[in-house]
Amino acid sequence: MSIDKEMLRATAKSIVTIPQHYQLEMEASVPEGNEQERCFIWEDPENQDNTIEIVLDLVTGQLKRLAIDREEVGATKEEAKQICLDGAARAVTDQFVAKYAPDSAEYTSVVIDKRGDRIEFAFRQEVGGLPLPNTGCNLTLDSGLNIVRYHLKGRMDRKAFKPVWPASIVDADTVMQQILSDLRMVPTIVSLYPSMYDMKGTEPEYRLVYEPIPGRRSIDAVTGRDMFGPEHYVMPPSHPMLQTDTDTAPKPATDETVSWEQRLGINLEDYVLEKSTDDGERIKSLYQIRAQEEEKPEPDSLSVDAYMERKWGDNLRNFRESSIMLQLEKSTGRLVGFHWMDRWKEGVPTLNREQCWQKADQFLRNVFPDYVHYLQLENDHEESEEEPCDRQFFYLPVYIDGILVNHERVTICVSTSTGEVCTYMGVSYEMIQELTGRSFRPILAAEAAFEYYVEQMKLRLKWYLDRDQEATMFRLLYEPTATFCDEQGKQRTLRYIDAVSGELIWENTRIGL
(Lines give C-alpha, C1' and ligand atoms only; values in the text may rest on other atoms or scores of the structure.)
Protein backbone atom coordinates (compact mmCIF):
# COMPACT_ATOMS: atom_id res chain seq x y z
CA MET A 1 0.00 0.00 0.00
CA SER A 2 1.49 3.34 -1.05
CA ILE A 3 2.30 6.09 1.42
CA ASP A 4 0.25 9.29 1.37
CA LYS A 5 1.89 11.71 -1.05
CA GLU A 6 1.65 14.60 1.39
CA MET A 7 3.72 12.51 3.78
CA LEU A 8 6.25 11.83 1.00
CA ARG A 9 6.59 15.55 0.35
CA ALA A 10 7.15 16.22 4.04
CA THR A 11 9.75 13.47 4.16
CA ALA A 12 11.59 14.92 1.16
CA LYS A 13 11.67 18.40 2.66
CA SER A 14 13.10 17.03 5.92
CA ILE A 15 16.19 15.43 4.34
CA VAL A 16 18.04 18.62 3.42
CA THR A 17 17.36 22.28 3.96
CA ILE A 18 15.43 23.70 1.00
CA PRO A 19 16.19 27.45 0.72
CA GLN A 20 13.00 29.46 1.20
CA HIS A 21 13.24 31.18 -2.18
CA TYR A 22 13.52 27.86 -4.07
CA GLN A 23 10.39 26.81 -5.96
CA LEU A 24 9.00 23.30 -6.39
CA GLU A 25 9.24 22.65 -10.13
CA MET A 26 8.41 18.95 -10.31
CA GLU A 27 6.56 16.45 -8.14
CA ALA A 28 5.66 13.24 -9.91
CA SER A 29 5.64 9.46 -9.64
CA VAL A 30 8.02 7.74 -12.06
CA PRO A 31 8.48 5.90 -14.33
CA GLU A 32 5.15 6.55 -16.02
CA GLY A 33 3.07 3.39 -16.27
CA ASN A 34 5.20 1.54 -13.69
CA GLU A 35 5.45 4.06 -10.88
CA GLN A 36 7.98 3.07 -8.22
CA GLU A 37 9.44 6.38 -7.08
CA ARG A 38 8.29 9.85 -6.11
CA CYS A 39 10.55 12.53 -7.55
CA PHE A 40 10.79 16.13 -6.28
CA ILE A 41 12.81 18.94 -7.90
CA TRP A 42 13.28 22.41 -6.46
CA GLU A 43 14.99 25.24 -8.36
CA ASP A 44 16.42 28.63 -7.57
CA PRO A 45 14.27 31.08 -9.61
CA GLU A 46 17.29 33.41 -9.84
CA ASN A 47 19.60 30.67 -11.18
CA GLN A 48 18.07 27.57 -12.76
CA ASP A 49 21.40 25.73 -12.49
CA ASN A 50 20.89 25.64 -8.71
CA THR A 51 18.66 22.64 -8.12
CA ILE A 52 17.80 20.07 -5.46
CA GLU A 53 16.42 16.69 -6.57
CA ILE A 54 15.13 14.12 -4.08
CA VAL A 55 13.76 10.71 -5.05
CA LEU A 56 11.86 8.53 -2.55
CA ASP A 57 10.56 4.99 -2.77
CA LEU A 58 6.86 5.31 -3.50
CA VAL A 59 5.92 2.54 -1.05
CA THR A 60 8.44 2.74 1.80
CA GLY A 61 9.29 6.45 1.63
CA GLN A 62 12.97 5.51 1.70
CA LEU A 63 15.52 7.93 0.20
CA LYS A 64 16.85 6.52 -3.07
CA ARG A 65 18.61 9.48 -4.68
CA LEU A 66 19.71 12.98 -3.78
CA ALA A 67 21.36 15.49 -6.13
CA ILE A 68 22.23 19.07 -5.19
CA ASP A 69 23.71 21.46 -7.74
CA ARG A 70 24.67 24.93 -6.55
CA GLU A 71 27.49 27.39 -6.23
CA GLU A 72 29.65 26.08 -3.42
CA VAL A 73 29.59 27.83 -0.08
CA GLY A 74 31.31 27.15 3.21
CA ALA A 75 34.90 25.99 3.60
CA THR A 76 37.52 27.00 1.08
CA LYS A 77 39.37 24.28 -0.80
CA GLU A 78 42.40 24.56 1.48
CA GLU A 79 40.23 24.44 4.60
CA ALA A 80 38.27 21.48 3.23
CA LYS A 81 41.49 19.61 2.49
CA GLN A 82 42.64 19.99 6.10
CA ILE A 83 39.24 19.01 7.46
CA CYS A 84 39.22 15.86 5.30
CA LEU A 85 42.61 14.86 6.67
CA ASP A 86 41.10 15.07 10.15
CA GLY A 87 38.46 12.51 9.23
CA ALA A 88 35.47 14.85 9.26
CA ALA A 89 34.42 13.77 5.75
CA ARG A 90 34.11 10.16 6.84
CA ALA A 91 32.16 11.20 9.93
CA VAL A 92 29.66 13.13 7.80
CA THR A 93 29.11 10.21 5.43
CA ASP A 94 28.86 7.63 8.21
CA GLN A 95 26.15 9.67 9.91
CA PHE A 96 24.18 10.13 6.69
CA VAL A 97 24.42 6.46 5.71
CA ALA A 98 23.36 5.29 9.17
CA LYS A 99 20.29 7.54 8.99
CA TYR A 100 19.10 6.92 5.43
CA ALA A 101 20.57 3.68 4.07
CA PRO A 102 18.94 0.34 4.90
CA ASP A 103 21.18 -2.41 6.32
CA SER A 104 23.97 0.16 6.71
CA ALA A 105 25.70 -1.96 9.35
CA GLU A 106 26.44 -4.50 6.60
CA TYR A 107 28.36 -1.96 4.48
CA THR A 108 31.84 -3.14 5.43
CA SER A 109 33.59 -2.11 2.20
CA VAL A 110 34.31 1.61 1.80
CA VAL A 111 36.20 3.02 -1.21
CA ILE A 112 37.15 6.71 -1.21
CA ASP A 113 38.10 8.68 -4.32
CA LYS A 114 39.15 12.36 -4.25
CA ARG A 115 38.41 14.20 -7.47
CA GLY A 116 39.33 17.87 -7.42
CA ASP A 117 37.59 19.50 -4.48
CA ARG A 118 35.03 16.69 -4.14
CA ILE A 119 35.23 13.40 -2.28
CA GLU A 120 33.32 10.31 -3.42
CA PHE A 121 32.46 7.38 -1.17
CA ALA A 122 31.26 3.92 -2.20
CA PHE A 123 29.79 1.75 0.57
CA ARG A 124 29.25 -1.94 -0.24
CA GLN A 125 28.42 -5.22 1.43
CA GLU A 126 31.21 -7.80 1.32
CA VAL A 127 31.62 -11.54 1.11
CA GLY A 128 35.06 -13.04 1.50
CA GLY A 129 36.57 -9.59 1.73
CA LEU A 130 35.33 -8.63 -1.75
CA PRO A 131 32.62 -5.98 -2.32
CA LEU A 132 29.28 -7.06 -3.76
CA PRO A 133 28.25 -4.97 -6.79
CA ASN A 134 24.92 -3.18 -6.76
CA THR A 135 24.73 -3.17 -2.98
CA GLY A 136 25.13 -0.30 -0.56
CA CYS A 137 25.23 3.30 -1.72
CA ASN A 138 27.38 6.07 -3.24
CA LEU A 139 27.85 9.55 -1.79
CA THR A 140 29.66 12.72 -2.86
CA LEU A 141 30.77 15.59 -0.62
CA ASP A 142 31.64 19.07 -1.85
CA SER A 143 34.52 21.21 -0.58
CA GLY A 144 32.41 22.34 2.38
CA LEU A 145 31.72 18.70 3.32
CA ASN A 146 28.07 18.93 2.33
CA ILE A 147 26.38 15.82 0.91
CA VAL A 148 25.60 16.76 -2.71
CA ARG A 149 25.02 13.27 -4.17
CA TYR A 150 23.49 10.10 -2.77
CA HIS A 151 22.45 7.01 -4.67
CA LEU A 152 21.06 3.86 -3.07
CA LYS A 153 22.17 0.91 -5.17
CA GLY A 154 20.15 -2.05 -6.36
CA ARG A 155 16.73 -1.19 -5.05
CA MET A 156 14.89 -1.63 -8.38
CA ASP A 157 16.62 -4.87 -9.38
CA ARG A 158 15.41 -8.35 -8.75
CA LYS A 159 16.75 -9.18 -5.30
CA ALA A 160 19.80 -11.45 -5.33
CA PHE A 161 20.55 -13.63 -2.33
CA LYS A 162 23.78 -12.80 -0.55
CA PRO A 163 26.29 -15.37 -1.77
CA VAL A 164 28.52 -17.65 0.25
CA TRP A 165 32.18 -18.22 -0.55
CA PRO A 166 32.55 -21.30 -2.81
CA ALA A 167 33.84 -24.50 -1.26
CA SER A 168 36.58 -24.59 -3.90
CA ILE A 169 37.75 -22.47 -6.84
CA VAL A 170 39.95 -23.10 -9.86
CA ASP A 171 43.69 -22.60 -9.41
CA ALA A 172 44.78 -19.08 -10.45
CA ASP A 173 47.77 -20.35 -12.47
CA THR A 174 45.48 -22.55 -14.56
CA VAL A 175 43.23 -19.58 -15.29
CA MET A 176 46.20 -17.37 -16.17
CA GLN A 177 47.51 -19.91 -18.67
CA GLN A 178 44.07 -20.07 -20.28
CA ILE A 179 43.98 -16.27 -20.60
CA LEU A 180 47.51 -16.03 -22.01
CA SER A 181 46.81 -18.71 -24.61
CA ASP A 182 44.03 -16.54 -26.04
CA LEU A 183 45.81 -13.17 -25.72
CA ARG A 184 47.35 -11.46 -28.74
CA MET A 185 48.84 -8.03 -29.35
CA VAL A 186 47.22 -6.24 -32.30
CA PRO A 187 48.64 -3.10 -33.96
CA THR A 188 46.19 -0.22 -33.98
CA ILE A 189 46.26 3.55 -34.41
CA VAL A 190 45.01 5.45 -31.36
CA SER A 191 44.50 9.06 -30.39
CA LEU A 192 46.20 9.80 -27.08
CA TYR A 193 45.20 12.72 -24.86
CA PRO A 194 47.50 14.03 -22.08
CA SER A 195 44.51 14.40 -19.77
CA MET A 196 43.82 10.67 -20.02
CA TYR A 197 47.26 9.07 -20.41
CA ASP A 198 50.72 9.39 -18.90
CA MET A 199 52.62 10.77 -21.88
CA LYS A 200 55.53 13.12 -22.47
CA GLY A 201 53.82 15.63 -24.76
CA THR A 202 51.15 18.16 -23.87
CA GLU A 203 49.17 17.92 -27.11
CA PRO A 204 46.94 15.06 -28.36
CA GLU A 205 48.67 12.80 -30.86
CA TYR A 206 48.06 9.73 -33.00
CA ARG A 207 50.35 6.78 -32.37
CA LEU A 208 50.78 3.26 -33.61
CA VAL A 209 50.46 0.95 -30.62
CA TYR A 210 49.88 -2.66 -29.71
CA GLU A 211 46.56 -3.29 -28.00
CA PRO A 212 45.89 -6.47 -25.98
CA ILE A 213 43.00 -8.44 -27.51
CA PRO A 214 40.91 -9.49 -25.69
CA GLY A 215 41.67 -6.84 -23.10
CA ARG A 216 39.11 -8.23 -20.67
CA ARG A 217 38.03 -11.70 -19.58
CA SER A 218 35.50 -12.95 -17.06
CA ILE A 219 36.31 -16.48 -15.91
CA ASP A 220 33.96 -18.24 -13.51
CA ALA A 221 36.16 -19.04 -10.53
CA VAL A 222 34.20 -22.22 -9.72
CA THR A 223 33.92 -23.79 -13.18
CA GLY A 224 36.93 -22.22 -14.90
CA ARG A 225 34.76 -21.40 -17.91
CA ASP A 226 34.48 -17.99 -19.53
CA MET A 227 31.18 -16.32 -18.73
CA PHE A 228 30.84 -15.13 -22.31
CA GLY A 229 31.84 -16.21 -25.79
CA PRO A 230 35.01 -14.82 -27.43
CA GLU A 231 32.97 -12.40 -29.56
CA HIS A 232 31.82 -10.64 -26.37
CA TYR A 233 35.23 -9.00 -25.87
CA VAL A 234 36.09 -7.88 -29.38
CA MET A 235 34.58 -5.87 -32.18
CA PRO A 236 33.13 -7.95 -35.03
CA PRO A 237 35.59 -8.77 -37.84
CA SER A 238 35.44 -6.66 -40.99
CA HIS A 239 36.50 -7.04 -44.60
CA PRO A 240 37.83 -4.54 -47.18
CA MET A 241 35.56 -3.21 -49.89
CA LEU A 242 35.94 -4.53 -53.44
CA GLN A 243 37.33 -1.72 -55.59
CA THR A 244 35.95 -1.02 -59.05
CA ASP A 245 37.45 0.97 -61.92
CA THR A 246 35.43 3.93 -60.66
CA ASP A 247 37.10 3.64 -57.25
CA THR A 248 40.63 3.75 -58.70
CA ALA A 249 39.96 6.63 -61.09
CA PRO A 250 40.77 10.22 -59.98
CA LYS A 251 37.83 11.78 -58.12
CA PRO A 252 36.34 14.90 -59.69
CA ALA A 253 36.16 18.02 -57.57
CA THR A 254 32.93 18.42 -55.62
CA ASP A 255 30.39 20.56 -57.44
CA GLU A 256 29.90 23.32 -54.87
CA THR A 257 26.90 24.64 -56.79
CA VAL A 258 24.91 21.60 -55.63
CA SER A 259 23.81 22.24 -52.07
CA TRP A 260 23.82 19.61 -49.38
CA GLU A 261 20.05 19.99 -49.15
CA GLN A 262 19.78 18.91 -52.79
CA ARG A 263 22.23 16.05 -52.39
CA LEU A 264 20.36 14.73 -49.35
CA GLY A 265 16.86 15.23 -50.72
CA ILE A 266 15.76 18.00 -48.35
CA ASN A 267 13.02 19.92 -50.15
CA LEU A 268 13.21 23.52 -48.94
CA GLU A 269 9.61 24.08 -50.00
CA ASP A 270 8.61 21.63 -47.27
CA TYR A 271 11.40 22.23 -44.74
CA VAL A 272 12.90 25.38 -43.26
CA LEU A 273 16.34 25.86 -41.71
CA GLU A 274 15.42 26.48 -38.08
CA LYS A 275 18.87 26.70 -36.51
CA SER A 276 22.53 26.62 -37.54
CA THR A 277 25.54 26.64 -35.20
CA ASP A 278 29.29 26.77 -35.79
CA ASP A 279 31.64 25.42 -33.10
CA GLY A 280 34.79 26.13 -35.11
CA GLU A 281 35.13 22.55 -36.35
CA ARG A 282 31.63 21.64 -37.47
CA ILE A 283 28.56 23.43 -38.80
CA LYS A 284 25.38 21.91 -37.39
CA SER A 285 22.05 22.59 -39.05
CA LEU A 286 18.51 21.74 -37.98
CA TYR A 287 15.58 21.67 -40.42
CA GLN A 288 11.90 21.50 -39.46
CA ILE A 289 8.83 20.89 -41.57
CA ARG A 290 6.91 24.04 -42.40
CA ALA A 291 3.51 22.60 -41.48
CA GLN A 292 2.21 23.67 -38.07
CA GLU A 293 2.01 21.00 -35.40
CA GLU A 294 -1.26 20.27 -33.65
CA GLU A 295 -1.69 22.00 -30.33
CA LYS A 296 -1.53 19.65 -27.35
CA PRO A 297 -3.25 20.11 -23.99
CA GLU A 298 -1.12 21.67 -21.26
CA PRO A 299 0.21 19.03 -18.82
CA ASP A 300 0.00 19.39 -15.05
CA SER A 301 2.47 22.10 -14.01
CA LEU A 302 4.44 19.78 -11.68
CA SER A 303 4.44 16.76 -14.02
CA VAL A 304 7.52 15.31 -15.69
CA ASP A 305 6.34 16.52 -19.12
CA ALA A 306 5.80 20.08 -17.93
CA TYR A 307 9.17 20.18 -16.19
CA MET A 308 10.98 18.77 -19.24
CA GLU A 309 9.28 21.35 -21.46
CA ARG A 310 10.29 24.24 -19.20
CA LYS A 311 13.82 22.99 -18.70
CA TRP A 312 14.77 21.61 -22.10
CA GLY A 313 11.88 22.48 -24.38
CA ASP A 314 14.03 24.13 -27.06
CA ASN A 315 16.39 21.16 -27.21
CA LEU A 316 13.60 18.59 -27.12
CA ARG A 317 11.96 20.21 -30.12
CA ASN A 318 15.13 19.42 -32.05
CA PHE A 319 14.09 15.77 -31.84
CA ARG A 320 10.57 16.08 -33.14
CA GLU A 321 9.59 13.44 -35.68
CA SER A 322 9.72 16.09 -38.40
CA SER A 323 13.35 17.08 -37.67
CA ILE A 324 16.32 16.73 -40.02
CA MET A 325 19.81 17.31 -38.66
CA LEU A 326 23.09 17.47 -40.51
CA GLN A 327 26.70 18.26 -39.64
CA LEU A 328 29.47 19.42 -41.98
CA GLU A 329 33.19 19.48 -41.27
CA LYS A 330 34.37 23.04 -41.85
CA SER A 331 37.93 22.25 -42.95
CA THR A 332 36.94 19.75 -45.66
CA GLY A 333 33.29 20.49 -46.39
CA ARG A 334 32.50 16.79 -45.89
CA LEU A 335 29.27 15.48 -44.39
CA VAL A 336 29.97 14.01 -40.95
CA GLY A 337 26.44 13.66 -39.60
CA PHE A 338 22.90 13.25 -40.95
CA HIS A 339 19.67 12.19 -39.26
CA TRP A 340 16.15 12.23 -40.71
CA MET A 341 13.91 11.50 -37.74
CA ASP A 342 10.84 9.89 -39.28
CA ARG A 343 12.19 8.18 -42.40
CA TRP A 344 12.11 4.69 -40.92
CA LYS A 345 8.42 4.79 -39.96
CA GLU A 346 6.95 4.97 -43.44
CA GLY A 347 5.73 1.48 -44.30
CA VAL A 348 6.00 -2.30 -44.35
CA PRO A 349 9.54 -3.74 -44.68
CA THR A 350 10.17 -4.89 -48.25
CA LEU A 351 13.96 -4.77 -48.64
CA ASN A 352 16.37 -7.42 -47.37
CA ARG A 353 19.79 -6.64 -45.90
CA GLU A 354 21.66 -6.96 -49.19
CA GLN A 355 19.26 -4.56 -50.93
CA CYS A 356 19.64 -2.11 -48.04
CA TRP A 357 23.43 -2.32 -48.36
CA GLN A 358 23.15 -1.36 -52.04
CA LYS A 359 21.27 1.77 -50.95
CA ALA A 360 23.89 2.49 -48.28
CA ASP A 361 26.68 2.05 -50.83
CA GLN A 362 25.01 4.57 -53.17
CA PHE A 363 24.71 7.08 -50.33
CA LEU A 364 28.35 6.61 -49.31
CA ARG A 365 29.58 7.14 -52.87
CA ASN A 366 27.68 10.42 -52.88
CA VAL A 367 28.90 11.81 -49.54
CA PHE A 368 32.23 9.94 -49.16
CA PRO A 369 33.35 9.17 -52.74
CA ASP A 370 36.64 7.46 -51.80
CA TYR A 371 35.28 5.51 -48.85
CA VAL A 372 36.41 2.11 -50.17
CA HIS A 373 40.04 3.15 -49.58
CA TYR A 374 39.53 3.85 -45.87
CA LEU A 375 36.55 1.86 -44.60
CA GLN A 376 35.92 -1.82 -44.11
CA LEU A 377 32.48 -3.38 -43.66
CA GLU A 378 31.83 -5.26 -40.45
CA ASN A 379 30.77 -8.84 -41.09
CA ASP A 380 27.07 -9.54 -40.77
CA HIS A 381 26.31 -11.95 -37.92
CA GLU A 382 22.56 -11.57 -38.09
CA GLU A 383 20.39 -14.59 -38.74
CA SER A 384 19.15 -14.72 -42.32
CA GLU A 385 15.61 -15.73 -41.30
CA GLU A 386 15.11 -13.26 -38.49
CA GLU A 387 11.93 -11.26 -37.94
CA PRO A 388 11.45 -8.38 -40.42
CA CYS A 389 12.84 -5.10 -39.07
CA ASP A 390 12.15 -1.48 -40.00
CA ARG A 391 15.87 -0.54 -40.29
CA GLN A 392 19.17 -2.11 -41.22
CA PHE A 393 22.40 -0.84 -39.65
CA PHE A 394 25.85 -1.06 -41.25
CA TYR A 395 29.12 -0.34 -39.43
CA LEU A 396 32.34 0.54 -41.26
CA PRO A 397 35.52 0.96 -39.16
CA VAL A 398 38.34 3.16 -40.46
CA TYR A 399 41.60 1.51 -41.61
CA ILE A 400 44.78 3.26 -42.71
CA ASP A 401 47.14 1.03 -44.69
CA GLY A 402 45.34 -1.99 -43.30
CA ILE A 403 45.63 -0.86 -39.65
CA LEU A 404 42.53 -0.15 -37.61
CA VAL A 405 42.03 3.38 -36.25
CA ASN A 406 40.66 2.78 -32.78
CA HIS A 407 37.11 4.01 -32.04
CA GLU A 408 36.66 5.51 -35.51
CA ARG A 409 33.89 4.09 -37.67
CA VAL A 410 31.03 5.13 -39.91
CA THR A 411 27.47 4.08 -39.07
CA ILE A 412 24.73 4.13 -41.68
CA CYS A 413 21.10 3.14 -41.19
CA VAL A 414 18.68 2.38 -44.05
CA SER A 415 14.87 2.07 -43.97
CA THR A 416 13.75 -1.40 -45.09
CA SER A 417 10.48 0.01 -46.45
CA THR A 418 11.79 2.92 -48.57
CA GLY A 419 15.51 2.28 -48.99
CA GLU A 420 16.23 5.80 -47.77
CA VAL A 421 19.06 6.60 -45.38
CA CYS A 422 17.74 7.50 -41.93
CA THR A 423 21.05 8.07 -40.13
CA TYR A 424 24.65 8.65 -41.16
CA MET A 425 27.33 9.04 -38.49
CA GLY A 426 30.58 9.83 -40.26
CA VAL A 427 34.17 10.48 -39.30
CA SER A 428 36.49 13.44 -39.71
CA TYR A 429 37.92 13.49 -43.23
CA GLU A 430 40.60 15.89 -41.98
CA MET A 431 41.70 13.14 -39.59
CA ILE A 432 41.82 10.62 -42.45
CA GLN A 433 43.93 12.97 -44.57
CA GLU A 434 46.33 13.53 -41.68
CA LEU A 435 46.77 9.81 -41.02
CA THR A 436 47.08 8.93 -44.70
CA GLY A 437 50.05 11.28 -44.95
CA ARG A 438 51.95 9.39 -42.27
CA SER A 439 53.73 6.05 -42.29
CA PHE A 440 52.60 3.65 -39.57
CA ARG A 441 55.04 0.76 -39.43
CA PRO A 442 55.72 -1.19 -36.22
CA ILE A 443 59.35 -1.56 -35.17
CA LEU A 444 58.72 -3.48 -31.97
CA ALA A 445 57.78 -7.11 -32.59
CA ALA A 446 54.37 -8.26 -31.37
CA GLU A 447 56.08 -10.99 -29.32
CA ALA A 448 58.09 -8.37 -27.41
CA ALA A 449 54.97 -6.29 -26.78
CA PHE A 450 53.28 -9.43 -25.48
CA GLU A 451 56.07 -9.98 -22.96
CA TYR A 452 55.97 -6.34 -21.82
CA TYR A 453 52.24 -6.55 -21.23
CA VAL A 454 52.27 -9.92 -19.48
CA GLU A 455 54.88 -8.63 -17.01
CA GLN A 456 52.27 -6.19 -15.71
CA MET A 457 49.32 -8.62 -15.65
CA LYS A 458 47.82 -10.21 -12.58
CA LEU A 459 44.55 -11.89 -11.70
CA ARG A 460 41.98 -10.56 -9.30
CA LEU A 461 38.83 -12.10 -7.87
CA LYS A 462 35.58 -10.13 -7.90
CA TRP A 463 31.87 -10.68 -7.49
CA TYR A 464 29.65 -10.29 -10.54
CA LEU A 465 25.88 -9.83 -10.50
CA ASP A 466 24.47 -12.17 -13.15
CA ARG A 467 21.08 -10.92 -14.31
CA ASP A 468 20.86 -13.26 -17.31
CA GLN A 469 19.62 -16.17 -15.22
CA GLU A 470 16.02 -16.83 -14.20
CA ALA A 471 17.05 -15.93 -10.66
CA THR A 472 19.51 -13.03 -10.33
CA MET A 473 22.63 -14.32 -8.57
CA PHE A 474 26.20 -13.40 -7.67
CA ARG A 475 29.10 -15.25 -9.28
CA LEU A 476 32.75 -15.19 -8.27
CA LEU A 477 34.98 -14.36 -11.24
CA TYR A 478 38.63 -14.18 -12.13
CA GLU A 479 39.55 -11.09 -14.15
CA PRO A 480 42.96 -10.17 -15.57
CA THR A 481 44.14 -6.66 -14.80
CA ALA A 482 47.20 -4.51 -15.48
CA THR A 483 46.40 -1.82 -12.92
CA PHE A 484 48.28 -0.30 -10.00
CA CYS A 485 48.00 2.69 -7.67
CA ASP A 486 50.88 5.17 -7.58
CA GLU A 487 52.30 6.89 -4.50
CA GLN A 488 49.64 9.61 -4.70
CA GLY A 489 46.89 6.99 -4.68
CA LYS A 490 45.98 7.54 -8.32
CA GLN A 491 45.06 4.45 -10.29
CA ARG A 492 46.89 3.60 -13.53
CA THR A 493 45.97 0.94 -16.09
CA LEU A 494 48.29 -0.29 -18.83
CA ARG A 495 46.35 0.23 -22.05
CA TYR A 496 48.88 0.05 -24.88
CA ILE A 497 52.48 -0.70 -25.84
CA ASP A 498 54.01 1.82 -28.28
CA ALA A 499 54.71 -0.20 -31.44
CA VAL A 500 57.74 1.95 -32.31
CA SER A 501 59.48 2.78 -29.01
CA GLY A 502 58.12 0.01 -26.77
CA GLU A 503 56.92 2.62 -24.25
CA LEU A 504 54.26 1.42 -21.80
CA ILE A 505 51.24 3.71 -22.14
CA TRP A 506 49.30 4.03 -18.88
CA GLU A 507 45.75 5.36 -18.67
CA ASN A 508 44.58 7.40 -15.69
CA THR A 509 41.63 5.40 -14.42
CA ARG A 510 39.12 5.93 -11.66
CA ILE A 511 38.92 3.82 -8.58
CA GLY A 512 35.88 1.60 -9.02
CA LEU A 513 33.01 3.21 -7.15
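In what follows, every heavy atom counts, from backbone to side chain, and hydrogens, waters and symmetry copies are set aside.
- Remark: Arg334 qualifies as a cation-pi partner of Tyr429 under the 6.0 Å distance and 45° angle criteria applied to the six-membered ring.
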Practice item. Verify side-chain contact (heavy atoms from CB on, under 4.5 Å) between Tyr371 and Leu396, making sure each step is shown before the conclusion. Key: CA-CA 10 Å; Tyr371 87 91; Leu396 299 98; 4.2 Å; yes
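- Side chain of Asp370 to main chain of His373: no donor-acceptor pair is present (N/O by atom type, distance under 3.5 Å, no hydrogens or angles).
- For the atom pair SG of Cys39 and CG of Leu58, the computed distance is 11.5 Å after rounding to the nearest 0.5 Å.
- Between the side chain of Thr188 and the main chain of Leu404, a donor-acceptor pair closer than 3.5 Å is present.
- Looking at heavy atoms from C-beta onward, Ile169 lies in side-chain contact with Leu461 at the 4.5 angstrom threshold.
- With hydrogens and angles disregarded, no donor-acceptor distance shorter than 3.5 Å links the side chain of Asn146 to the backbone of Val148.
- For the residue pair Tyr464/Asp220, the side-chain donor-acceptor check at 3.5 Å is not satisfied.
- Ring planes of Tyr395 and Phe393: parallel class, angle under 30° (limits at 30 and 60°).
- Checked against the 6.0 Å centroid criterion, the rings of Tyr193 and Tyr197 do not qualify as a close aromatic pair.
- Taking 4.5 Å as the limit, every side-chain heavy atom of Tyr424 sits out of range of all side-chain heavy atoms of Thr411.
- Using a 4.0 Å cut-off between charged side-chain N and carboxylate O, Arg217 and Asp182 make a salt bridge.
- Taking the side chain as every heavy atom from C-beta outward, Glu37 and Ser29 never approach each other to under 4.5 Å.
- Side chain to side chain, Asn138 and Arg65 fail the donor-acceptor criterion of an N or O pair below 3.5 Å.
- Taking 4.5 Å as the limit, some side-chain heavy atom of Leu377 sits within range of a side-chain heavy atom of Trp357.
- No donor-acceptor contact under 3.5 angstrom links the side chains of Thr472 and Arg467, judged on distance only.
- Considering every non-hydrogen atom in both Thr135 and Arg124, the closest pair reads O-CD, 3.0 Å.
- Contact check for Gln178 versus Ile219: side-chain heavy atoms found under the 4.5 Å cut-off.
- Put simply, the side chain of Gln491 reaches to within 4.5 Å of the side chain of Thr483, judged on heavy atoms.
- Classification of Asp113 and Arg115 as a salt-bridged pair holds, one side-chain N sitting under 4.0 Å from a carboxylate O.
- Donor-acceptor pairing under 3.5 Å is lacking for the side chains of Glu120 and Thr140.
- The closest side-chain donor-acceptor pair between Glu329 and Ser428 falls under 3.5 angstrom.
- Salt bridge Asp69/Arg149: present, at least one basic N to carboxylate O contact under 4.0 Å.
- Counting only distance, with no hydrogens or angles, the side chain of Glu479 and the backbone of Leu477 share no donor-acceptor pair below 3.5 Å.
- Within a 6.0 Å radius of CZ in Arg438, more than 12 heavy atoms belonging to other residues, nucleotides or ligands are found.
- A 6.0 Å sphere centred on CE of Met425 holds no more than 12 heavy atoms belonging to other residues, nucleotides or ligands.
- Under the 6.0 Å cut-off for aromatic ring centres, Tyr150 and Phe96 qualify, their centroids lying closer than that.
- Tyr496 and Asn406 share a side-chain donor-acceptor pair at under 3.5 Å.
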